Structures are given as C-alpha cells and as structure tokens.
Amino acid sequence: MKTLLAATMAVFLLPSAAHAAGDDVKTVESDAAFADVTSGIENAIVNRGFKVDYHGFIGEMLKRTATDVDANKMLYKDAEFFTFCSAVVSRKVMEADIGDIAYCPYVVFAYEPAETPGKVTVGFRKLPAGGERDAVNALLSDIIEDAAEGM
C-alpha cells in the first residue's frame with residue numbers, strides 16, 4: 001500500500017512526473033486557462049453520466065505545507081485531481097479480471113507548472129492494455145482530450 005501511495009503521489013508531486021512515469025501515464029497539453037481545463041475535466045466526467053467522487057486540490061496543499069516540510073521550490077502554479085468510478089464500466093472490467101479493482105477509482109489530473117505558466121497538462125494513469133481495460137483507457141483519453149479543449 002505504501003508503494004502504491006508513493007507512486008500515486010509521484011504523479012502529482014514532480015513537475016515532470018507524467019514524462020518520468022513513462023508509458024503508464026497519458027497526458028495532453030493545453031493552452032486553455034487552468035480553471036477552464038479543470039472545469040472541462042468535471043464536465044467531461046459528469047456529461048458522460050458519472051459522478052465525481054473526489055476533487056483534490058494538491059497544488060493548494062503543497063503551497064500550504066511548504067514551510068512545514070522546509071520546501072523552498074514552488075512546483076505548480078496550480079494542480080488538482082478528480083476521482084470517479086462507473087458501476088457499468090468498472091463491473092465489466094472487474095468481471096473480466098477481479099484483480100482490476102486495483103484501478104478503481106479512475107483519476108484524472110491537471111497541473112500548471114510554476115516554471116511554465118500558461119501550459120496546462122491534463123492526464124491519467126493508464127490501465128494495462130487488454131480486455132475490458134482498453135475501454136477504460138479510451139474513456140479516460142476522451143475525457144482528457146475534452147478537458148484540454150477547456151470545455
């Protein structure tokens with residue numbers, strides 16, 4: 001569990017984590033305003049009939065706790081993530097492989113690096129290819145594409 005938590009946090013804590021993570025993270029960049037991208041994430045999830053379970057403000061947490069951990073480097077202008085699940089999609093994935101519970105809930109994130117304001121990255125951790133998981137990756141890809149347009 002600690003390893004999973006550490007890997008999850010790495011996606012959000014490092015400015016180039018999506019690139020460092022390699023093939024397990026899909027990202028797209030956007031020139032849209034950060035608020036438009038995050039609104040786009042929420043709309044893309046809700047407009048597909050899903051409910052956002054949690055909206056995390058990791059950028060604010062990092063700013064708020066910087067002095068507590070003796071951090072002096074600002075990583076993000078802003079960074080947030082959204083979690084959601086789908087009874088229909090998740091059931092199909094887990095019926096195909098009960099161990100795929102490990103991938104639920106689905107997480108979509110967005111960040112604007114402090115060093116390159118105006119460039120917003122939006123993405124998700126891909127599920128391993130194959131079977132019903134491919135449908136989840138396609139769904140998440142569609143969500144981040146819509147969000148990158150600032151819809």
Side-chain angles (χ1 to χ4, degrees), residues 1 3-90 92-93 100-129 133-151:
M1 185 60 140
T3 303
L4 177 61
L5 180 58
T8 301
M9 294 307 290
V11 170
F12 299 111
L13 295 177
L14 300 175
S16 60
H19 301 290
D23 292 338
D24 62 342
V25 175
K26 179 175 181 177
T27 62
V28 293
E29 280 197 354
S30 176
D31 293 326
F34 184 82
D36 292 340
V37 173
T38 56
S39 179
I41 292 171
E42 187 165 14
N43 288 338
I45 293 168
V46 171
N47 290 343
R48 286 171 172 80
F50 308 124
K51 179 184 175 291
V52 172
D53 294 320
Y54 186 76
H55 179 182
F57 298 88
I58 198 158
E60 290 301 317
M61 180 274 299
L62 291 172
K63 289 174 192 173
R64 185 181 67 250
T65 60
T67 56
D68 298 335
V69 297
D70 295 324
N72 52 17
K73 180 179 180 180
M74 186 170 164
L75 301 174
Y76 304 104
K77 183 174 177 190
D78 214 337
E80 298 178 15
F81 68 94
F82 297 79
T83 66
F84 72 99
C85 209
S86 162
V88 173
V89 174
S90 296
K92 286 180 183 176
V93 170
D100 284 347
I101 191 172
Y103 305 111
C104 198
Y106 310 122
V107 178
V108 177
F109 62 86
Y111 65 86
E112 184 175 2
E115 293 181 358
T116 56
K119 292 289 183 194
V120 177
T121 299
V122 59
F124 68 94
R125 290 171 296 188
K126 294 189 295 186
L127 282 67
R133 293 182 301 263
D134 291 345
V136 176
N137 288 329
L139 168 69
L140 294 170
S141 291
D142 289 345
I143 288 172
I144 67 169
E145 293 292 336
D146 287 353
E149 295 173 12
M151 302 182 89

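These numbers come from a predicted model, not from an experiment.
No donor-acceptor pair closer than 3.5 Å links the side chain of S90 to the backbone N or O of A87. Side chain of T27 to main chain of G123: no donor-acceptor pair is present (N/O by atom type, distance under 3.5 Å, no hydrogens or angles). Between the S141 side chain and the N137 main chain, a donor and an acceptor come within less than 3.5 Å of each other. No donor-acceptor distance shorter than 3.5 angstrom exists from the side chain of E80 to the backbone of G59, with no hydrogens or angles considered.
Using a 4.5 Å heavy-atom threshold, the side chains of D31 and K119 count as touching. With a 4.5 Å cut-off on side-chain heavy atoms, S30 and E149 do not count as touching. Considering only heavy atoms from C-beta on, L140 stays 4.5 Å or farther from K26 through its side chain. At a threshold of 4.5 Å between non-hydrogen side-chain atoms, the residues F82 and I45 count as touching. Between V93 and V136, the closest side-chain pair of non-hydrogen atoms falls below 4.5 Å.
Separation of atoms CG (N47) and CG (D146) is listed at 8.5 Å; rounding is to 0.5 Å. For the atom pair OH (Y111) and CG (L75), the distance works out to 11.0 Å, reported to the nearest 0.5 Å.
In terms of heavy atoms, G118 sits closest to E112 at N-OE2, 2.6 Å. Among all heavy-atom pairs drawn from A110 and V37, the shortest one is CB-CG1, 4.2 Å. A pairwise comparison of heavy atoms in V120 and A33 identifies CG2-C, 4.5 Å as the closest pair. A pairwise comparison of heavy atoms in I41 and I143 identifies O-CG2, 4.4 Å as the closest pair. Nearest heavy atoms, C85 versus D53: N-OD2, 3.5 Å.
Within the structure, the side-chain hydrogen bond (donor to acceptor under 3.5 Å, both in side chains) test picks out no pair touching residues 61-72 (sequence neighbours left out).
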request  = Mind running side chain to side chain contact (heavy atoms under 4.5 Å, CB included) on F84 and V46 for me, showing each step along the way?
outcome  = CA-CA 10 Å; F84 72 99; V46 171; over 6 Å; no
inquiry  = Set out, in order, the CA-CA distance, both residues' side-chain angles and the distance that settles side chain to side chain contact (heavy atoms under 4.5 Å, CB included) for F34 and K77, then state yes or no.
reply    = CA-CA 9 Å; F34 184 82; K77 183 174 177 190; over 6 Å; no
task = Let me see the working for S86 and Y106 under side chain to side chain donor-acceptor pair (under 3.5 Å), right down to the final yes or no.
result = CA-CA 9 Å; S86 162; Y106 310 122; over 6 Å; no
inquiry  = Between D24 and K126, is the side chain to side chain contact (heavy atoms under 4.5 Å, CB included) condition met? List the steps.
reply    = CA-CA 5 Å; D24 62 342; K126 294 189 295 186; 5.6 Å; no
request  = Determine, step by step, whether R48 and L139 satisfy the side chain to side chain contact (heavy atoms under 4.5 Å, CB included) criterion, reporting the C-alpha distance in whole Å, the side-chain angles of both residues, the deciding distance to 0.1 Å, and the verdict.
outcome  = CA-CA 9 Å; R48 286 171 172 80; L139 168 69; 3.5 Å; yes
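Ring-plane geometry between F81 and Y54 is classed as tilted, the angle between the planes lying from 30 to 60 degrees on a 0 to 90 degree scale.
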